[in-house]
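First comes the structure, then the notes that go with it.
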Amino acid sequence: MNNEQLLDLVKQMTLEEKTAQLLQLTANFYEGTNVEGQITGPMEEMGITEQSVDASGSILGLSGAQAIIDVQQAYMNKSRLGIPLLFMADVVHGFKTIFPIPLAIGCSWDTELAEKSAEIAARESAVSGLHVTFAPMVDLVRDPRWGRVMETTGEDPYLNSLFAAAFVRGYQGDNLKDEPDRLAACVKHFAAYGAAEGGRDYNTVDMSERNLREYYLPAYKAALDAGVEMVMTSFNTVDGIPASGNEKLMRGILRDEWGFDGVLISDWASIREMIAHGAAEDDREAAYRAIRAGVDMEMMTPCYVHHLPELIESGEVEEELIDEAVLRILQLKEKLGLFDNPLRAADPEREREIVFSKEHRQVSYELATKSAVLLKNDDSVLPLQPDANVALIGPFAQSPDILGWWSCEGVKEDAVKLGTALQERLTGGKVQFAQGSNVHTITAEQIAEALEVASKADLIVLALGEDSEMSGEGGSRTDIRLPAAQLELIKQLKVAGKPIATVIFNGRPLDLHGVIDESDAVLEAWFPGSEGGAAIADVLTGVVNPSARLTMSFPQSVGQIPVYYNHFNTGRPLNPEKTEERYVSKYIDSPNEPLLPFGYGLSYTSFSYGDLEVSSNEMTADESLSIQVRVTNTGDRAGVETVQLYVRDVTGEVVRPMRELKGYVKLALAPGESGTATFTLNEEQLRYHHSDLSYRSDRGEFHILVGANSRDTQKKSFRLV
């Protein structure tokens, strides 16, 4: 259908049919389904009529080709105007083939592989009948207490923007109608959900508009520039107004300023939640505020279907607002080709061939190997030697719980276990197992068994972490250390006097005290997905040389939070050489710096940096600077070094960060080989939001900082003239 035909279709619809198109329900409301699942938000008696269900526009959470075919056909048989349903789901880091959690994918610094993971997730989802994924989540996060940190790619707006665009390209391809094995993407959560106070899910967000625009909005904008078809509102308030009723945010910035003309959907029940926020008296006012703000689709509450008709009849809401929303939804259905083929790519036979295929699992494996961050490796304890006699101890030694939250149709039992994979690889050595502890508890018998196994080994590999319920939505924590039982296990095993290499499976940056200080080596595995055991075993044994770099700082303790690399200076900065000074900005019981900085990660080889070279000590608006540094692999094995470029604007109209990531180059180098990392820096990259929200650069001094992470850098200066 062309746009004129879609407009004509809107004119044929009754007001009740139009408002029903704006309603999204879970699958259990529909004929032919028998779906039970965990509800992630408040579920109340909705009072939805059969007529509203029969005319509603979309389904949340149903998958499986045959199930979706059955529901779509039953729906179309009842549809007066032949308007098909949209099927949507949270395909966050894979459908059945589960990839590492997005935070881990961010640590790969590999946007091409991230795009490939989204393409595979789309292929598996589409053949199983889905049309839309509620991904990517691009919220910038500086607080690891927040459970949903596992869904982000980190604390940096530049890097998050690159990944946002990559995920959108992967899900959507070039043309949804011509590529039925793709999904429409829905970027979330607009806006600034990652800044929830106290790291507590669903909590308040309060910040200046300048801060919002400078750090939190860029990744959403990058997703829009990549052509994302949908945007989801966030649960939180922004400037005192719940996002789902925030006209300035949704109509002002998203639609008018950025020109977004796609579908805007509420998060689960977030329109009705305006009442709990204290921003709406009842469902009627919530519907009024949301439609005025430009929310097209209401997820799992009936405010629109119950109250939009009377709001229109009373003249409080113009029917044109409803027509605009309906048209946007119909346009998306047309872009997906659903009017021509309501079943799209749903195909039970192809589903059996494609979903969880060997080819897809191989990409999951590769991404997991590139996402594991080596945090410590004293005395080159890792990699394990082929003939090593290893004691593999800990609750994750043979645990299948390595997929993480939001693992869609992933099955834990399908995941490759670390112990199984490690045993297969150490063919010349031996792997002996002990549980050691459970995730949250430990017994004397478990300790005794662990010590017995450790006494017979050359080296201990500890497999520790959070279970998947300890992060994700609703998974906020105030204590981000490993559970006490696991810290006790480390303490007990330390007395065995054997080298300890610890592998951590988790969904957030942790307070690693009691782990990193007690271990000789530490590998951050995150939740690595379906092939996680194989990937981590290959990193441990040196089949793969780790190359990942942190995209979130690891704090010294929870008391430091938020701690992030691109912070401001203060009027009384701490001089590292005068730590005894009192009246400066510092803690009296902790360093200011994080335990592990943004961009940090080790390798099984070593790299040396030559002198930093900059083409000029002046920059103009029309001329770029060329920046180069020579890097040499000084170790005895091939490796990848991620060379990072940071810039500091020394004096601004408003205070500027101590450093900001502006680019990175990955150099794959053989032993003894050198390579040159080359960057181009221009005036546009020096712009920022001033106090009047204008976006421009300032003349003056800038620092160029290049190195292996945000802490360890070389510096050169130039002036913008």
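- Salt-bridge formation is not detected for the pair Arg142/Glu155: no Lys NZ or Arg NE/NH1/NH2 atom is positioned less than 4.0 Å from an Asp or Glu carboxylate oxygen.
- A cation-pi arrangement is absent between Lys188 and Trp268, since the terminal nitrogen or guanidinium carbon is not both under 6.0 Å from the aromatic centre and inside a 45° cone about the axis.
- If you take CD1 on Ile68 and OH on Tyr30, they are separated by 12.0 Å, rounding to the nearest 0.5 Å.
- Checked against the 6.0 Å centroid threshold, Phe598 and Trp109 count as a close aromatic pair.
- The closest side-chain donor-acceptor pair between Ser266 and Glu298, if any, does not fall under 3.5 angstrom.
- Between atom CZ of residue Arg251 and atom CD of residue Glu257 there is a gap of 15.5 Å, rounded to the nearest 0.5 Å.
- Taking the six-membered ring where the residue is Trp, the centroids of Trp146 and Tyr193 are separated by under 6.0 Å.
- Rounded to the nearest 0.5 Å, atoms CG (Leu332) and CG (Leu86) are 5.0 Å apart.
- Atom NZ of residue Lys412 and atom NZ of residue Lys417 lie 12.0 Å apart, to the nearest 0.5 angstrom.
- Atom NE2 of His189 is separated from atom OG of Ser244 by 11.0 Å, given to the nearest 0.5 angstrom.
- Lys333 places no side-chain N or O within donor-acceptor distance of the main-chain N or O of Phe339, the cut-off being under 3.5 Å.
- With ring centers used as reference points, Phe99 lies 6.0 Å or more from His93.
- Separating the CG atom in Leu9 from the CD1 atom in Ile83 is a distance of 4.0 Å, to the nearest 0.5 Å.
- Salt bridge Glu473/Arg148: present, at least one basic N to carboxylate O contact under 4.0 Å.
- Classification of Arg361 and Glu531 as a salt-bridged pair holds, one side-chain N sitting under 4.0 Å from a carboxylate O.
- The number of heavy atoms from other shown groups lying within 6.0 Å of CZ (Arg200) does not exceed 12.
- In this structure, Asp340 pairs ionically with Lys177, as a charged nitrogen and a carboxylate oxygen lie closer than 4.0 Å.
- Between Arg255 and Asp296, at least one side-chain nitrogen of the basic residue sits less than 4.0 Å from a carboxylate oxygen of the acidic one, meeting the salt-bridge criterion.
- Two residues are said to be in side-chain contact when any heavy atoms from C-beta on lie closer than 4.5 Å; Val263 and Met232 fail this criterion.
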